[in-house]
Colleague: 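Can you read through this structure? Questions will come right after.
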Amino acid sequence: MPPFGPVSRRELVAALRALGFSGPHRGGRHEFMLRGEVTVVLPNPHGVDIGAGLLRRILRQAGVSKQEWEEV
């Protein structure tokens with residue numbers, strides 16, 4: 001995965017799959033990915049990269065460290 005920073009939604013989904021998450025699955029307003037008991041809500045696709053702040057919140061929700069992210 002590229003260094004921690006803006007990524008496309010496609011790159012985010014690919015990295016989460018590499019980390020053992022399944023999905024994306026359809027939810028109410030947002031799709032989500034699962035790994036055991038952990039659920040990660042994905043931002044809706046809008047054609048714009050996911051910024052570093054939102055990526056940090058997603059990774060915190062997933063229980064993935066910045067170091068793990070960069071090693072994927």
Side-chain angles (χ1 to χ4, degrees):
M1 194 86 284
F4 184 82
V7 295
S8 70
R9 186 175 188 276
R10 182 174 292 186
E11 290 173 324
L12 173 65
V13 169
L16 289 175
R17 282 186 181 152
L19 290 166
F21 284 84
S22 66
H25 306 284
R26 295 199 180 268
R29 294 184 180 188
H30 294 275
E31 293 181 332
F32 61 94
M33 296 184 78
L34 299 170
R35 178 174 70 180
E37 298 292 319
V38 178
T39 302
V40 177
V41 178
L42 298 174
N44 290 323
H46 292 290
V48 179
D49 283 351
I50 296 166
L54 180 54
L55 178 59
R56 183 174 298 124
R57 287 184 296 212
I58 292 169
L59 294 181
R60 189 177 310 133
Q61 186 180 34
V64 175
S65 71
K66 198 172 171 181
Q67 183 180 8
E68 284 179 283
W69 171 259
E70 292 178 341
E71 292 175 357
V72 173

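Below, all heavy atoms of this structure are taken into account, side chains as well, without hydrogens, waters or symmetry copies.
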Colleague: Provide the closest heavy-atom pair for Ala52 versus Gly5 in the form atom of the first, atom of the second, distance.
Modeller: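 Scanning both residues, the minimum pair turns out to be CB-CA, 4.3 Å.
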Colleague: I'd like to check Val40 versus Val64 (side-chain heavy atoms, cut-off strictly below 4.5 Å). Are they in contact?
Modeller: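 Side chain of Val40 against side chain of Val64, heavy atoms only: no contact under 4.5 Å found.
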Colleague: Counting only N and O atoms by type, is there a donor-acceptor contact under 3.5 Å from the side chain of His30 to the main-chain atoms of Pro43?
Modeller: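 No; judged by distance alone, with no hydrogens or angles, the pair does not exist.
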Colleague: Going by side chain to side chain donor-acceptor pair (under 3.5 Å), name the residues that satisfy it together with Ser22, two or more places apart in sequence or in a different chain.
Modeller: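 Ser22 satisfies side chain to side chain donor-acceptor pair (under 3.5 Å) with His25 once adjacent residues are dropped.
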Colleague: In Å, rounded to the nearest 0.5 Å, how long is the span from CD of Glu11 to CG of Leu55?
Modeller: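 One gets 10.5 Å once the value is rounded to the nearest 0.5 Å.
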Colleague: Could you report the tightest heavy-atom contact between Val13 and Pro24, atom names first, then the distance?
Modeller: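 Between these two residues, the closest heavy atoms are CG1-CD, 4.0 Å.
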Colleague: Quick one: pull up CG in Leu59 and CD in Glu68 and give me the separation to the nearest 0.5 Å.
Modeller: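 If we round to the nearest 0.5 Å, Leu59:CG and Glu68:CD are 9.0 Å apart.
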Colleague: Are the side chains of Leu12 and Trp69 in touch, meaning some heavy atoms are under 4.5 Å apart?
Modeller: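 The answer is yes, as the side chains (C-beta and beyond) meet within the 4.5 Å cut-off.
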Colleague: Could you name each residue pair satisfying salt bridge (charged side-chain N to carboxylate O under 4.0 Å, His left out) that touches residues 19-46, not counting sequence neighbours?
Modeller: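 Found Arg9-Glu31.
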Colleague: Output the distance between atom CD (Glu71) and atom OG (Ser65), rounded to the nearest 0.5 Å.
Modeller: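 Here the rounded value is 7.0 Å.
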Colleague: Under 4.5 Å between side-chain heavy atoms, chaining through other members, with only Ile, Leu, Val, Met, Phe, Trp and Tyr counted: pull out the rest of the cluster around Leu34, sorted by chain and number.
Modeller: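 Noted: Leu34 shares its cluster with Phe32.
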Colleague: Please list all pairs passing the salt bridge (charged side-chain N to carboxylate O under 4.0 Å, His left out) test where one or both residues lie in residues 41-59, with sequence neighbours left out.
Modeller: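 Listed by first then second residue: nothing to list.
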Colleague: Do Phe21 and Val38 touch side chain to side chain, with heavy atoms closer than 4.5 Å?
Modeller: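 In short, these two side chains touch, coming nearer than 4.5 Å.
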Colleague: If I compare all heavy atoms of Val41 with all of Ile58, which pair ends up nearest, and what's the gap?
Modeller: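 Smallest heavy-atom distance, with atoms named: O-CG1, 4.4 Å.
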